[in-house]
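Written below as structure tokens is the structure these notes are about.
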Number of protein chains: 2
Amino acid sequence: MALSKEELIKQTAKDLFFSKGCLHATTQEIADAAGVNRSLINYYFRSRDLLFQTVYREAVESLKSQLDKVLYDNTPFKEKLGIFIDVYMKELLKYPYRESFLITEICSKNFALKEKKKSAALAHFLKEIAEEMEKGTLKKGDPIHFVFDLLALMSFPVIMTPLYQKLLDISKEKYQTLIAERKQLILEKIFN
Amino acid sequence: MALSKEELIKQTAKDLFFSKGCLHATTQEIADAAGVNRSLINYYFRSRDLLFQTVYREAVESLKSQLDKVLYDNTPFKEKLGIFIDVYMKELLKYPYRESFLITEICSKNFALKEKKKSAALAHFLKEIAEEMEKGTLKKGDPIHFVFDLLALMSFPVIMTPLYQKLLDISKEKYQTLIAERKQLILEKIFN
DNA sequence: ACTTTTGTTGACAAAATTGTTAAACATAAA
DNA sequence: TTTATGTTTAACAATTTTGTCAACAAAAGT
């Protein structure tokens, strides 16, 4: 079934921002990419700024709910981690620049930080990590660092694709296989 | 001694882009931040676009030369790595968004990719890594993955500061100490 | 001192981007 | 068929951003 135009505009904006890295596309560019009249953006979202805010909010939401869905259940830790890496990296390949978009929005001046409630799933995950550290499955330390490491190892090479392809002089195909290899590598590295 | 205005403009632009994360500042914003008349930007750089290109080129250059300076010498591997992490993280804290800027510039449509000569220092470093793997000091694998891991572990938590501070509900101070702890942690993790 | 060059500024013009409005259009209900 | 409702469009207006230019100031050269 066809997407409503409102949804189409939003999805296209996300595609431009998160996939193509056009972090400050104009309304005209978004409208063209969506194949709709630019005025429709104002009709549905009132202003460019509100469209950006909407996309921002939904991105944070979906980021949180993705984390929640995976982290907040009772599969054994190691297995859960495998699933997490799988899910997260699939999403990363679809939306490599989502976090970058969020960062630039937060940095943009007219931005008001809101809600500060820590994700329950995350707290749960941190506790699990601490338990694994107790058991000796994981190297001891602040669980936050474990989370940093995990997210960094997954995200960074994906985010930096165009730059590192250039700097390291690697072909697109080779880079893709490198990324694909990483799921397994990260698991090994983490449980060394 | 006072900076020439041309240099001042460039430095201010870098400060806005790389430190403050204003990846698409207007010429007026740059001029204001530098305390100069906006026309001076056109006088020295002809156009906004050329200023951006200049900053981009210099950032890639300095990124390369920083890597070269550290990687291309004869201190023992482990020690060299310590220095590298030190230097790189110091630079990261000064310019957390430098890589993000490069990425968005590369993604921006009117961008022509140029020079594809691999850094000699990097090649040298990769060979050293391979040797350490032979010796058993490092876990075997594609040395590129080692470089990915290293850069990811350093850069990512810094780049994501504003977002993760928010999501993890961590105070600015706490976050800073976490980052500061990482140099040691990364070394340990790498040589597990 | 005078001329030439370089740097600096404000005013203006041009271009790009956004927001608004009214009219055209479609669709379904009355 | 008319009416009402929501959608879509083009034309226009307003705003923002960029680029140019002539005038002026400062410095350097003769």
Side-chain angles (χ1 to χ4, degrees), chain A residues 1-18 20-59 97 100-101 104-112, chain B residues 1-18 20-59 97 100-101 104-112:
Chain A
M1 66 142 211
L3 236 41
S4 79
K5 299 261 165 141
E6 177 171 7
E7 202 55 35
L8 173 65
I9 290 170
K10 233 165 37 188
Q11 293 305 324
T12 307
K14 287 179 184 174
D15 185 60
L16 282 176
F17 301 158
F18 305 162
K20 304 227 168 32
C22 303
L23 302 186
H24 43 282
T26 65
T27 52
Q28 189 63 66
E29 286 171 324
I30 297 169
D32 288 350
V36 305
N37 189 293
R38 185 175 58 85
S39 290
L40 270 194
I41 294 177
N42 291 316
Y43 178 70
Y44 284 116
F45 300 94
R46 299 191 64 85
S47 73
R48 175 179 189 270
D49 202 52
L50 283 174
L51 169 60
F52 273 61
Q53 280 182 39
T54 303
V55 170
Y56 174 88
R57 258 197 304 275
E58 290 192 7
Y97 303 114
S100 303
F101 174 82
T104 70
E105 285 308 295
I106 295 177
C107 287
S108 95
K109 53 179 177 291
N110 44 350
F111 185 85
Chain B
M1 67 140 212
L3 237 40
S4 78
K5 300 260 165 133
E6 178 170 7
E7 201 56 34
L8 173 65
I9 291 171
K10 231 163 40 186
Q11 293 305 324
T12 307
K14 287 178 185 174
D15 185 60
L16 283 176
F17 301 158
F18 305 162
K20 305 226 169 32
C22 303
L23 303 187
H24 44 282
T26 65
T27 52
Q28 189 63 65
E29 285 171 324
I30 297 169
D32 288 349
V36 304
N37 189 293
R38 184 175 59 84
S39 290
L40 272 193
I41 293 177
N42 292 321
Y43 179 70
Y44 284 115
F45 301 94
R46 301 189 63 86
S47 75
R48 175 179 189 271
D49 201 52
L50 283 174
L51 169 60
F52 274 61
Q53 281 182 38
T54 304
V55 170
Y56 173 88
R57 258 196 304 275
E58 290 192 7
Y97 303 113
S100 304
F101 173 83
T104 69
E105 285 308 296
I106 295 177
C107 288
S108 96
K109 52 179 177 289
N110 44 349
F111 185 84

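Note: hydrogens, waters and symmetry copies are ignored here, and every other heavy atom, side chains too, is used. Letters go in sequence order (proteins before strands), and every chain restarts at 1. This one's a predicted model, so the numbers in the text were calculated from it and none came from an experiment.
- When all heavy atoms of Val36(A) and Leu40(A) are compared, the closest pair comes out as CB-CD1, 4.1 Å.
- Contact between the side-chain N/O atoms of Lys5(B) and the OP1/OP2 oxygens of dT8(C) is found at a separation under 4.0 Å.
- In this entry the distance linking CD of Glu7(B) with P of dG7(C) reads 14 Å, nearest Å.
- Ala25(B) is linked by a side-chain contact (heavy atoms from CB on, under 4.5 Å) to Leu16(B), Phe17(B), Cys22(B), Glu29(B), Ile30(B), counting only residues two or more places apart in sequence or in another chain.
- DNA chain C is contacted by Asn42(A), Ser47(A), Arg48(A) of residues 40-48 of chain A, taking any non-hydrogen atom closer than 4.0 Å.
- Note on the helix from dA1(C)-dT30(D) to dA30(C)-dT1(D): angle between the axes of the first and last five pairs equals 10°, rounded to 10 degrees.
- Judged as a side-chain contact (heavy atoms from CB on, under 4.5 Å), and not counting sequence neighbours, the contacts of Arg38(B) are Thr27(B), Gln28(B), Ala31(B), Asn42(B).
- For dT8(C), neither phosphate oxygen OP1 nor OP2 lies less than 4.0 angstrom from any side-chain nitrogen or oxygen of Ser39(B).
- Atom CG in Leu51(A) sits about 16 Å away from atom P in dT17(C), given to the nearest Å.
- Residues that satisfy the ring pair (Phe, Tyr, Trp, His ring centres under 6.0 Å) test with Tyr56(A), not counting sequence neighbours, are Phe111(A).
- With sequence neighbours excluded, no residue satisfies ring pair (Phe, Tyr, Trp, His ring centres under 6.0 Å) with Phe45(B).
- Sorted by first and then second residue, the pairs that involve residues 6-15 of chain B and meet salt bridge (Lys or Arg N to Asp or Glu O under 4.0 Å), not counting sequence neighbours, are Glu7(B)-Lys10(B), Lys10(B)-Glu58(B), Lys14(B)-Glu58(B), Asp15(B)-Lys20(B).
- Here chain B contacts DNA chain D (any atom closer than 4.0 Å to a heavy atom, that is under 4.0 Å), and the contacts span dT17(D) to dT20(D) from 5' to 3'.
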